[in-house]
Trainee: 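Attaching a single structure in structure tokens format; questions to follow.
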Number of protein chains: 2
Amino acid sequence: MKTDKNQPERRSDALSKARIVEAAIAILDSGGEGALTFRALAARLSTGPGAIYWHVANKNELLGAAADEIIGGVMANVERDAAPQAVIRAIALGVFDAIDRHPWVGTQFSRDPLHSASLQVFEGIGGRLQALGVSERVLFDAWSALVNYILGVAGQNAANARIQPPDTDRAAVLGAIAARCARLDPLEFPFVRQVAAQFRDHDDREQFLAGIDLILAGIATIR
Amino acid sequence: MKTDKNQPERRSDALSKARIVEAAIAILDSGGEGALTFRALAARLSTGPGAIYWHVANKNELLGAAADEIIGGVMANVERDAAPQAVIRAIALGVFDAIDRHPWVGTQFSRDPLHSASLQVFEGIGGRLQALGVSERVLFDAWSALVNYILGVAGQNAANARIQPPDTDRAAVLGAIAARCARLDPLEFPFVRQVAAQFRDHDDREQFLAGIDLILAGIATIR
DNA sequence: ACCTGAACACCGTTCAAGT
DNA sequence: ACCTGAACACCGTTCAAGT
């Protein structure tokens with residue numbers, strides 16, 4: 001039985017928060033954070049900037065709703081029936097990959113820490129640590145380390161994306177950085193010089209996951 | 001023998017990059033990131049906005065120079081003669097405390113990863129990991145985990161500060177968040193509800209350091 | 001109830017004109 | 001060489017006026 005959602009109007013050009021958020025996501029993904037303007041958004045929706053304010057309080061709320069949309073989708077698809085460590089890795093990678101595809105999301109976690117997006121991540125990580133049998137005494141430390149790491153990297157990646165145009169060549173940027181490192185004073189920066197080659201060929205995602213595993217290994221030592 | 005720095009002019013009202021950066025830091029510290037405006041800066045220096053552009057390319061460079069000033073001071077004061085783990089903790093806490101006092105600095109690490117501020121942190125952490133005897137194979141993982149964590153938390157704290165006015169009551173905010181957590185659905189968010197009380201009384205700095213120690217413990221397991 | 005679009009109060013940045 | 005400040009091309013947001 002298909003019970004039609006009895007929407008008041010079927011006109012596809014009627015404005016709604018859902019349509020506004022959808023359009024905002026499209027603009028953010030294709031043009032980056034700088035491209036989202038109330039004027040650009042209004043143009044895409046064939047209306048004036050003022051119309052958007054009837055459905056959305058301000059730009060902050062709009063960005064929050066857009067981020068919730070993305071993270072909500074990620075968290076809904078996390079496989080929850082695996083071993084606790086595996087679920088923690090899946091949540092972490094889910095967030096990482098979402099920020100990779102939609103860098104602007106990374107800035108939004110700190111906007112309101114109790115919005116559904118963040119809450120789902122918080123609960124997902126914390127619940128698995130309990131399932132892992134982490135003692136009450138260190139549970140809060142373990143949880144905050146993981147959450148700080150995951151959301152911190154998300155924010156850094158978002159900041160990086162904001163600096164670089166949406167279609168920058170990652171490999172070229174890494175190569176340029178590595179080359180500049182190799183030219184540093186060997187006496188002042190021996191380590192950075194040495195690590196430059198590895199840095200050029202590294203994969204952000206792998207390094208991110210290695211960090212998660214190091215924290216999990218640390219948790220295991222005091223569990 | 002006091003060899004006077006033979007500066008061309010002694011007039012204290014002469015504009016210079018140093019004076020501009022100093023004034024920018026004062027504005028950023030007292031009013032937050034939103035308060036730094038070329039007009040506000042010009043007013044404080046009793047000149048026009050255009051004059052600043054003679055000494056500084058744009059706002060981005062200005063923020064970078066200001067952040068370098070702060071982090072440079074922190075890194076210069078790190079005690080380097082202690083045990084490697086202690087130095088790593090000292091660097092991490094130095095960065096953390098600097099962002100606590102000057103939240104706007106936290107956004108600047110990702111601006112240019114090879115500016116002196118970031119480089120000094122990178123080298124400081126990496127060098128101590130080598131001193132710790134971390135094997136070549138896992139050195140890069142260990143280093144990137146620590147650096148990601150330190151700069152990630154810095155960025156999150158900066159973002160939090162940008163949302164809240166510079167003189168917000170921390171304890172009141174934490175209390176309000178904890179209260180909202182306690183009202184969440186116990187079936188959907190059991191962990192978050194349970195952790196809310198601890199969250200209200202937690203200390204950001206202690207939690208940050210606990211995370212560092214967990215990563216160090218993880219590194220020790222594969223060293 | 002919902003939409004329109006001009007207008008307001010800002011930005012960063014530029015640039016001709018001054019000294 | 002360095003400074004001035006008006007002007008340009010933008011913002012987010014508001015609001016009287018429309019339907």
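None of the values given here were measured: they were computed from a predicted structure.
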Trainee: Tell me the partner of D:dG18, counting only Watson-Crick (N1-N3 plus N6-O4 or O6-N4) or G-U wobble (N1-O2 and O6-N3) with both under 3.5 Å; none if nothing fits.
Mentor: C:dC2
Trainee: Of the nucleotides D:dC3, C:dC11, D:dT13, which one has an atom closest to the side chain of B:R39?
Mentor: C:dC11
Trainee: What is the distance from CD1 of A:I20 to P of C:dC2, rounded to the nearest Å?
Mentor: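 Distance check: A:I20 CD1 to C:dC2 P gives 12 Å.
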Trainee: So, is A:W54 close to the C:dC3 phosphate, meaning a side-chain N or O under 4.0 Å from OP1 or OP2?
Mentor: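 Answer is no, no contact under 4.0 Å.
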Trainee: So what does A:L36 hit on the nucleic acid, given a heavy-atom distance under 4.0 Å: a base, only sugar-phosphate, or nothing?
Mentor: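 If one applies the 4.0 Å heavy-atom cut-off, A:L36 turns out to touch the sugar-phosphate alone, with no base involved.
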Trainee: Give none if C:dC8 has no partner; otherwise give the nucleotide forming a Watson-Crick or G-U wobble pair with it, both distances under 3.5 Å.
Mentor: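 D:dG12 is the nucleotide pairing with C:dC8.
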Trainee: A:L15 has an atom CG; how far is it from atom C1' of C:dA1, in whole Å?
Mentor: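 The answer, rounded to whole Å, is 13 Å.
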Trainee: CD1 of B:I27 versus C1' of C:dC11: gap in Å, rounded?
Mentor: 15 Å
Trainee: A:H55 side chain: which of D:dA6, C:dC3, D:dG12 is closest?
Mentor: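 Given the options D:dA6, C:dC3, D:dG12, the side chain of A:H55 is closest to C:dC3.
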Trainee: Starting at atom NZ of B:K17, determine the distance to atom C1' of D:dA1, rounded to an integer number of angstrom.
Mentor: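 After rounding, the reported distance stands at 18 Å.
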Trainee: To the nearest angstrom, how far is A:K59 atom NZ from C:dC11 atom C1'?
Mentor: 13 Å
Trainee: Rounded off to whole Å, could you give me the CZ-to-P distance for the A:F38 and D:dC11 pair?
Mentor: 12 Å
Trainee: State the CG-CD1 distance between B:N148 and A:I150, to the nearest 0.5 angstrom.
Mentor: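 Those atoms lie 12.5 Å apart.
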Trainee: Check the pair B:Y53 / B:F38 against ring pair (Phe, Tyr, Trp, His ring centres under 6.0 Å), numbers first and verdict last.
Mentor: CA-CA 9 Å; B:Y53 281 89; B:F38 274 81; 4.6 Å; yes
Trainee: Let me know the distance between CD1 of A:I52 and P of D:dG12, rounded to the nearest Å.
Mentor: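 To the nearest whole Å, that distance equals 10 Å.
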Trainee: How would you label the contact of B:L41 with the nucleic acid (heavy atoms, under 4.0 Å): base, sugar-phosphate, or nothing?
Mentor: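 Nothing, no heavy atom under 4.0 Å.
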Trainee: Is it true that, when you exclude B:E33 itself, more than 12 heavy atoms of the residues, nucleotides or ligands shown sit nearer than 6.0 Å to its CD?
Mentor: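 Yes.
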Trainee: Using a strict threshold of under 4.0 Å (side-chain N to carboxylate O), is an ion pair present between A:R170 and A:D204?
Mentor: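 Answer for the salt bridge query: yes.
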Trainee: Verify the neighbour count for atom CD of B:Q198: are there more than 12 heavy atoms of other residues, nucleotides or ligands below 6.0 Å?
Mentor: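 Yes, CD of B:Q198 has more than 12 neighbouring heavy atoms, counting only those of other groups under 6.0 Å.
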Trainee: Please pick, from C:dC11, D:dG12, C:dT14, the nucleotide with the shortest atom-to-atom distance to any side-chain atom of B:Y53.
Mentor: C:dT14
Trainee: Can you check the B:E33 CD to C:dG12 C1' distance for me, whole Å?
Mentor: 15 Å
